[in-house]
2 protein chains.
Amino acid sequence: MPSDRSEKREVSERILDAATRLFAERGFEATSLQSVADAVGIRKPSLLYHFPSKDELRKAVLDKLLSHWNQVLPKLLMAATSGREQFDAIIKETVAFFTADRDRARLLLREALDRPKEMRALIVGHVQPWADVVSNYIRRGREAGRVRADVDPEAYIVHAINLVVSSIATFDSIGALGTSKDRSGDDSDLRRHVDELVRVARASLFRQLEALGIAPREERDEAPSSTDDANAPTGS
Amino acid sequence: MPSDRSEKREVSERILDAATRLFAERGFEATSLQSVADAVGIRKPSLLYHFPSKDELRKAVLDKLLSHWNQVLPKLLMAATSGREQFDAIIKETVAFFTADRDRARLLLREALDRPKEMRALIVGHVQPWADVVSNYIRRGREAGRVRADVDPEAYIVHAINLVVSSIATFDSIGALGTSKDRSGDDSDLRRHVDELVRVARASLFRQLEALGIAPREERDEAPSSTDDANAPTGS
DNA sequence: GCATCTACCTACCACTTGGTAGGCAGGCAG
DNA sequence: CTGCCTGCCTACCAAGTGGTAGGTAGATGC
């Protein structure tokens, strides 16, 4: 067995990692402190020495995940260029964050189901400010004709987040539909899954102008907002 | 729906209802047989008389949900007209099914997280045949120019299902972003949420042709040929 | 009358749960 | 050396878990 689990690392860290994995896999209620202690290789009271209660352990796990996320997020928003590239950067980094460790997605989704009120508060605190930035960006894009006129910015963001988190979290189960049977590549299935996910998020936000080679003028969706030909989409 | 809490209704039915609600709300592991029995108003052994074990109760709850769904689904696919209307009918009915009782969405999502293998098997059995029909429809639409060229039909369906189920299941938590603070209307928030959800599903599938005043290559598309209908999903 | 079946009950079981009490080895400061 | 703190341990606890044993009131069938 993996006894060289790097005992150098602080025990608390190893507890957090094991708890994260088990909570994500089986859920909080279905995970006993005993099983976490076993995974770490210590006795249960030793675990409770580091985290005074099971609920404190849960909060610590969640905290670590959110702080990790909050560490990577601001960079994205600041490094944003403009137009679609900003969007691509954000969504691709988000997808990368959750695909790198799908337990993150599972954990968040479970929390959202188990403790909606608490999660709501956490989201309002952690994600709302960032979401406001993005929704302003969407509104500007809409005025400029880059973004579809019928997009509801706030609601769109909710669905985009949900799309990423949930589809990654449930890939093992719901993703069964999209997989090819013969193909051994679990990885290629996931890539295909994620590619389509990004496509859906993009396509439902932006207009299809380049694809049709049509400039954003006479449009039924929105009154031709004066002279906004300036910001032409980047040819690609 | 008659909220017949009286003793007239079969006890088994009342157990199933209570269990559905509690499993969806707190999760399977976090729900004790005692709490289900309390909700129904009977003793625990009486509950175990109707369902021989907790796991059998879970299966019965899941079965009832899926059979209900399988009862409404074939009608949709058969009553399909053509083009976008078929899509609209399917997605709107699906959304209606899950918004009518959000516990349905929560329950399915929880099962997907808790028992991915089992859920995968259930999906392959119950949803795969139907999904094949839809993906053929998407392929035809793509050839006809109605559907965007870059859609991955199988993967799209997965995301569409996921989008509906997950966003409805997590509305109370993740949906916090999209809600207006002053507005008391939980209902109008949900409607706005759902409207955008349908929009995302549509917009990421179809091309924007009408909006631009361009007619798609007129091509006759029809419901699945009657010979292929044999593989339609059947009840459990 | 009498046996049987259904639907429910009380009383109990073995086991697991989160959590506590208290002890013990070792590092380290005075 | 003593005294104290950290980190981990064994031993234990009350409460709750899923589940069983066995009994009983009432309806049904012969």
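A, B, ... follow the sequence lines: proteins, then strands. Residue 1 opens every chain.
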Ring of Phe28(A), cation from Lys54(A) - is the NZ or CZ under 6.0 Å from the centre and inside 45° of the axis? yes
To the nearest Å, how far apart are Ile15(A) CD1 and dG18(C) P? 14 Å
State plainly whether the residues Arg26(B) and Glu29(A) are in salt-bridge range, i.e. N to O under 4.0 Å. no
Side chain of Pro45(A): nearest nucleotide among dT20(C), dC8(D), dG18(D)? dT20(C)
Start at the 5' end of DNA chain D and walk down; is the nucleotide closest to Lys44(A) or to Leu47(A) reached first? Leu47(A)
Nearest to the side chain of Ser53(A), which nucleotide is it out of dC9(D), dC9(C), dG19(C)? dG19(C)
To the nearest Å, give me how far apart CZ (Arg43(A)) and P (dG18(C)) are. 16 Å
State whether His50(A) places a side-chain N or O below 4.0 Å from either non-bridging phosphate oxygen (OP1 or OP2) of dT6(D). no
Heavy atoms under 4.0 Å, any strand shown: does Ser35(B) hit a base, just sugar-phosphate, or nothing? nothing
Quick one: Glu29(B) CD to dG16(D) P, roughly how many Å, whole number? 18 Å
Gap between atom CG of Asn162(A) and atom CD1 of Ile157(A) - 0.5 Å precision: 13.5 Å
If only side-chain N and O atoms of Tyr49(A) are considered, is one of them under 4.0 Å from the OP1 or OP2 phosphate oxygen of dG7(D)? yes
Partners meeting ring-ring contact (aromatic ring centres under 6.0 Å, His included) with Tyr156(A) (sequence neighbours left out): none
Closest to side chain of Leu33(A), choosing from dG18(D), dC9(D), dG18(C): dG18(C)
Whole-Å gap separating C1' (dT17(D)) and CG (Asp55(B)): 15 Å
Separation of dG18(C) P from Leu22(A) CG (nearest whole Å): 12 Å
Between the two end axes of the helix from dG1(C)-dC30(D) to dG30(C)-dC1(D), each built from 5 base pairs, what angle do you get to the nearest 10°? 10°
Side chain of Lys54(A) (C-beta onward), nearest among dC8(D), dA7(C), dG19(C): dG19(C)
Would you classify Leu48(B) as touching base, sugar-phosphate or nothing, given that sugar-phosphate means primed atoms plus P, OP1 and OP2, and contacts are heavy atoms under 4.0 Å? base
Applying ring-ring contact (aromatic ring centres under 6.0 Å, His included) to His159(B) and not counting sequence neighbours gives His193(A)
Quick one: Gln34(A) CD to dC15(C) P, roughly how many Å, whole number? 16 Å
Rounding to a whole Å, what distance do you find between Glu10(B):CD and dT6(C):C1'? 11 Å
From CG of Leu57(A) over to P of dT17(C), roughly how many Å is that when rounded to an integer? 15 Å
Could you give all pairs that pass the ring-ring contact (aromatic ring centres under 6.0 Å, His included) test and reach residues 99-119 of chain A, with sequence neighbours left out? none
Heavy atoms under 4.0 Å, any strand shown: does Ser46(B) hit a base, just sugar-phosphate, or nothing? base
List for me each residue that meets side chain to side chain donor-acceptor pair (under 3.5 Å) alongside Glu13(A), sequence neighbours excluded, and say none if there are none. Lys64(A)
Phosphate oxygens OP1/OP2 of dT16(C): is one of them under 4.0 Å from a side-chain N or O of Ser32(A)? no
Taking only distance into account, with no hydrogens and no angle test, what donor-acceptor pairs under 3.5 Å do side-chain atoms of residues 89-100 of chain B form with protein atoms, sequence neighbours excluded?
| unit_1 | atom_1 | unit_2 | atom_2 | d |
| --- | --- | --- | --- | --- |
| Thr94(B) | OG1 | Ile90(B) | O | 2.6 |
| Thr99(B) | OG1 | Val95(B) | O | 2.7 |
| Thr99(B) | OG1 | Ala96(B) | O | 3.2 |

